[in-house]
Amino acid sequence: MLILQRKKGESLTINDNITLTIIDTGTDWVKLAIDAPKEIPVLRSELLEAARENRKAAETVSREMLDKMLKKR
């Protein structure tokens, strides 16, 4: 893991096509501007983790349970 220190208004570049710029900072937060190609997904880590958990939960639902849930509609 690379740890960098940047000030407000400074940026860093990843792979010549992604730029992160520090827009603002507070005592326990930072606001970033991310400039990346449209084909590169940029997701907050908590959303990515939630999506993984949802996929995992969906894989464990039995066909019988799915049929029961659909019949309740």
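Residue indices begin at 1 and follow the sequence shown.
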Margin query: My understanding is that only one of Leu32, Ile22, Leu20, Thr25 makes a side chain to side chain contact (heavy atoms under 4.5 Å, CB included) with Arg6; could you say which?
Written below: Ile22
Next item on the list: Could you tell me which non-hydrogen atom of Glu10 sits nearest to which non-hydrogen atom of Gln5, and how far apart they are?
Entry: OE1-O, 4.5 Å
Margin query: Per the salt bridge (Lys or Arg N to Asp or Glu O under 4.0 Å) rule, what does the pair list look like for residues 31-45, sequence neighbours excluded?
Written below: Arg44-Glu46
Note to self: Could you list the cluster mates of Ile23? Members are the ILVMFWY residues connected by side-chain heavy atoms closer than 4.5 Å, either directly or through other members.
What the structure shows: none
Item checked: Sequence-distant partners of Ile40, side chain to side chain contact (heavy atoms under 4.5 Å, CB included), two or more places apart -> Asn17, Ile18, Pro37
Check: How would you list, by chain and number, every residue that makes a salt bridge (charged side-chain N to carboxylate O under 4.0 Å, His left out) with Arg52, sequence neighbours excluded?
Finding: Glu49
Check: Given the rule that I, L, V, M, F, W and Y join up when any side-chain heavy atoms are under 4.5 Å apart, are Leu4 and Ile34 in one cluster?
Finding: yes
Note to self: Considering only residues two or more places apart or on different chains, which pairs with a residue in residues 12-22 satisfy salt bridge (Lys or Arg N to Asp or Glu O under 4.0 Å)?
What the structure shows: none
Next item on the list: State which residues pass salt bridge (charged side-chain N to carboxylate O under 4.0 Å, His left out) with Lys8; sequence neighbours excluded, sorted by chain then number.
Entry: Asp24
Item checked: Residue list, salt bridge (charged side-chain N to carboxylate O under 4.0 Å, His left out) with Glu59, at least two apart or on another chain -> none
Next item on the list: Indicate yes or no: at least one non-hydrogen side-chain atom of Leu12 is less than 4.5 angstrom from one of Thr19.
Entry: no
